[in-house]
Amino acid sequence: MTVAIAPLTTEHLPEAAALLDRWYARTRKSLPHQSGRTAAPAQGEELLGKILAEPRVEAVLARGGDGALTGYLAATPLDFADDDRAGLRAHPRSALVRYGGHALRGGREGVREDVLRALYAAVAQRLVAERRPVHYVDLPADEEFASAWFRSGFGLERVRGLMAVRPRGRQPRGVDALSVRRAGPGDLDRIGRMAVEAARADRGTAVFRPQPEGALARLRTHYADALADARCGAWVAARRGEEIGMVVLTPAAPGPVVPDGCVELVEAYVTQAARGEGISRVLLATALAWAYDSGYRHITASWPAGSPVSATHWPAVGFRPVAYRLQRVLDPRMCAIPQR
């Protein structure tokens with residue numbers, strides 16, 4: 001299909017949002033724990049409107065020969081200082097296609113990869129000219145759309161899962177001499193230390209993500225407010241006086257694939273020497289019991305797709321994929337070459 005590429009502006013918001021709403025409504029039907037959300041009010045204009053209002057956003061649309069909108073793409077530049085905690089999970093000079101930042105017109109032929117490539121080529125040229133070598137895409141776990149991105153040079157970087165929170169059922173087997181207690185404000189040093197150790201593990205195989213020391217220092221005190229907030233929960237596991245694990249839960253912001261009444265598993269850690277004994281399952285069961293009693297009915301978590309531990313463990317305990325973060329890393333030498 002031959003398409004014409006042009007800037008995407010707020011003038012095009014209604015027709016672009018209509019594409020997005022149709023895609024998201026169709027995709028939710030195939031995702032877990034989305035019952036009751038398929039008839040939810042359309043959110044396309046709100047999502048895309050916020051993106052287009054961001055400074056320096058790179059946004060384009062594509063029209064077919066008949067003048068109909070066939071797709072759009074909007075990428076937001078990301079810039080993080082060395083001590084910014086967001087730099088633990090993203091390149092300090094990158095760009096992100098947020099939820100709502102792209103959509104394509106469907107049809108009998110499925111996702112038009114040629115349209116996607118044309119849109120990305122237009123945006124990527126500008127991003128590289130700005131010396132941004134890493135590009136991310138957040139999208140629902142729509143395999144057809146994800147495959148179109150894969151065939152455009154992207155890979156799977158992170159997975160977001162969702163699990164129902166149910167009344168207490170069968171509990172995991174006990175662990176010898178293990179005690180689990182609720183953490184409070186006085187445990188900030190403990191929670192911070194273990195959160196840093198969990199983050200440092202991402203430097204290793206096969207995640208290989210830099211963890212700047214300045215950002216890790218920020219992480220040590222990040223959960224001070226959560227430990228004092230009744231809407232959040234944290235627990236520490238100990239054995240024979242040694243602290244060997246923890247979990248932290250905070251309220252999750254509702255979004256395209258995250259329902260209301262959802263809590264997020266933002267931290268989970270078990271020391272290397274204590275892994276494989278079921279400690280993580282005991283901590284999670286304790287947290288889930290509290291979450292249900294606190295009115296939460298779903299729990300979400302995300303994990304690196306390349307982690308040999310997380311990518312196996314979290315699906316095994318019941319999290320089902322509802323969203324992906326995709327990533328393309330360009331040769332940094334390209335960002336040193338003037339783009340024509």
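In this chain, residues are counted from 1 in sequence order. Values below: all heavy atoms of this structure, side chains included; hydrogens, waters and symmetry mates excluded. In this text, all values refer to a predicted model and were calculated from it rather than measured experimentally.
Looking only at side-chain heavy atoms (C-beta outward), His102 and Phe145 come within less than 4.5 Å of each other. Using a 4.5 Å heavy-atom cutoff, the side chains of Pro92 and Asp82 are not in contact. Annotation: side chain of Met163 is in contact with side chain of Leu288 (closest heavy-atom distance under 4.5 Å). With contacts defined as side-chain heavy-atom distances shorter than 4.5 Å, the pair Arg325/Arg89 does not qualify. Leu178 is listed as a side-chain neighbour of Ile244, based on a closest heavy-atom distance under 4.5 Å. At least one side-chain heavy atom of Trp314 sits under 4.5 Å from a side-chain heavy atom of Ser280. Phe150 has its side chain within reach of Leu156: a pair of non-hydrogen atoms, C-beta onward, lies under 4.5 Å apart. Side-chain contact check for Arg151 versus Leu116: every heavy-atom pair is 4.5 Å or farther apart.
Leu96 and Val159 fall into different hydrophobic clusters, where Ile, Leu, Val, Met, Phe, Trp and Tyr residues are linked whenever their side-chain heavy atoms come under 4.5 Å apart, directly or through other members. Each of Ile191 and Leu284 belongs to its own hydrophobic cluster when Ile, Leu, Val, Met, Phe, Trp and Tyr are linked at side-chain heavy-atom distances under 4.5 angstrom. In the hydrophobic cluster analysis, where Ile, Leu, Val, Met, Phe, Trp and Tyr join through side-chain heavy atoms closer than 4.5 angstrom, Trp149 is grouped together with Leu127. Note: the hydrophobic cluster containing Phe319 also contains Val263 (ILVMFWY, side chain heavy atoms under 4.5 Å, direct or indirect links). No path of Ile, Leu, Val, Met, Phe, Trp and Tyr side chains, each step under 4.5 Å between heavy atoms, connects Val180 with Val236, placing them in separate hydrophobic clusters.
Distance CZ/Arg328 to OH/Tyr120: 4.5 Å, rounded to 0.5 Å. Separating the CZ atom in Phe80 from the CG atom in Leu88 is a distance of 10.0 Å, to the nearest 0.5 Å. Atom CG in Leu13 sits 10.0 Å away from atom CG in Leu20 (nearest 0.5 Å). Asp83 contributes atom CG, which lies 12.5 Å from atom CG of Leu219 (distance to the nearest 0.5 angstrom). Remark: Met194 CE to Thr271 OG1 distance equals 9.0 Å, nearest 0.5 Å. In this structure, OG1 in Thr221 is found 10.0 Å from CZ in Arg85, a value given to the nearest 0.5 Å.
Although no hydrogens or angles enter the test, the distance criterion places a donor-acceptor pair under 3.5 Å between the side chain of His12 and the main chain of Thr9. Side-chain atoms of Arg131 come within 3.5 Å of backbone atoms of Cys335 as a donor-acceptor pair (strictly under, hydrogens ignored). Arg193 contributes no side-chain N or O that, together with a main-chain N or O of Arg220, makes up a donor-acceptor pair within less than 3.5 Å. Ser307 places no side-chain N or O within donor-acceptor distance of the main-chain N or O of Pro304, the cut-off being under 3.5 Å. Under a 3.5 Å cut-off, the side chain of Arg28 and the backbone N or O of Pro256 do form a donor-acceptor pair. Looking only at distances, no side-chain donor or acceptor of Asp21 sits under 3.5 Å from a matching main-chain atom of Ala18. Proximity of a side-chain donor or acceptor of Arg218 to a complementary backbone N or O of Ala86 within less than 3.5 Å is not detected. At least one donor-acceptor pair under 3.5 Å links the side chain of Ser30 to the backbone N or O of Thr27.
Across all their heavy atoms, Arg117 and Ser152 have their closest contact at CG-OG, 3.5 Å. Pairing each heavy atom of Ala274 with each of Arg239, the nearest pair is CB-NH2, 4.0 Å. Of all the heavy atoms in Leu119 and Leu61, the pair that sits closest is CD2-C, 3.7 Å. Listed here is the closest heavy atom pair of Tyr99 and Ala323: OH-CB, 3.1 Å. In plain terms, the two heavy atoms of Ala226 and Cys232 that are nearest each other are O-CB, 3.3 Å. Shown here for Leu188 and Ala224, the closest heavy-atom pair between the two residues is CD1-N, 3.6 Å.
Using a cutoff of 4.0 Å between basic side-chain nitrogens and carboxylate oxygens, Asp79 and Arg132 are scored as salt-bridged. Asp176 has a carboxylate O that lies under 4.0 Å from a charged side-chain N of Arg240, or vice versa, which qualifies the two as a salt bridge. Residues Arg63 and Glu15 are paired through a salt bridge, judged by an N-O separation under 4.0 Å between the basic side chain and the carboxylate. With respect to Arg98 and Asp138, no salt bridge is recorded, no charged nitrogen being found less than 4.0 Å from a carboxylate O.
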Show me the side-chain donor-acceptor pairs of residues 69-78 shorter than 3.5 Å, one per line, residues at least two apart or across chains.
unit_1	atom_1	unit_2	atom_2	d
Thr70	OG1	Ala62	O	3.1
Tyr72	OH	Gly100	O	2.8
Thr76	OG1	Glu54	OE1	2.6

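Within the structure, side chain to side chain donor-acceptor pair (under 3.5 Å) contacts touching residues 195-205 (residues at least two apart or in different chains) are Glu197-Arg200, Arg200-Glu213, Asp202-Arg209, Arg203-Glu213. For residues 194-235, the set of pairs meeting the ring-ring contact (aromatic ring centres under 6.0 Å, His included) definition, not counting sequence neighbours, comprises Trp235-Trp290.
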- prompt: Stepwise, does the side chain to side chain contact (heavy atoms under 4.5 Å, CB included) test hold for Met246 with Asp187?
  reply: CA-CA 11 Å; Met246 62 89 177; Asp187 293 295; over 6 Å; no

task: List the steps, then state whether side chain to side chain contact (heavy atoms under 4.5 Å, CB included) holds for Leu162 with Gln34.
output: CA-CA 10 Å; Leu162 193 64; Gln34 302 293 316; 3.7 Å; yes

Candidate pair His91 and Tyr136, rule side chain to side chain contact (heavy atoms under 4.5 Å, CB included), full reasoning: CA-CA 10 Å; His91 189 277; Tyr136 302 104; 3.7 Å; yes

Derivation of the side chain to side chain contact (heavy atoms under 4.5 Å, CB included) call for Arg126 and Val60: CA-CA 11 Å; Arg126 302 174 192 174; Val60 296; 3.6 Å; yes

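Applying the 6.0 Å contact sphere to CZ of Arg56 captures more than 12 heavy atoms from other residues, nucleotides or ligands. Other residues, nucleotides and ligands place no more than 12 heavy atoms under 6.0 Å from the CZ atom of Arg320. More than 12 heavy atoms of other residues, nucleotides or ligands sit less than 6.0 Å from atom CG of Asp229.
With a 6.0 Å cutoff to the six-membered ring centre and a 45° limit on the axis angle, Arg297 counts as a cation-pi contact of Tyr292.
No hydrogens or angles considered: nothing links the side chains of Tyr296 and Glu264 as a donor-acceptor pair under 3.5 Å.
None of Val247, Val248, Thr300 except one satisfies the side-chain contact (heavy atoms from CB on, under 4.5 Å) rule with Val266; the exception is Val248.
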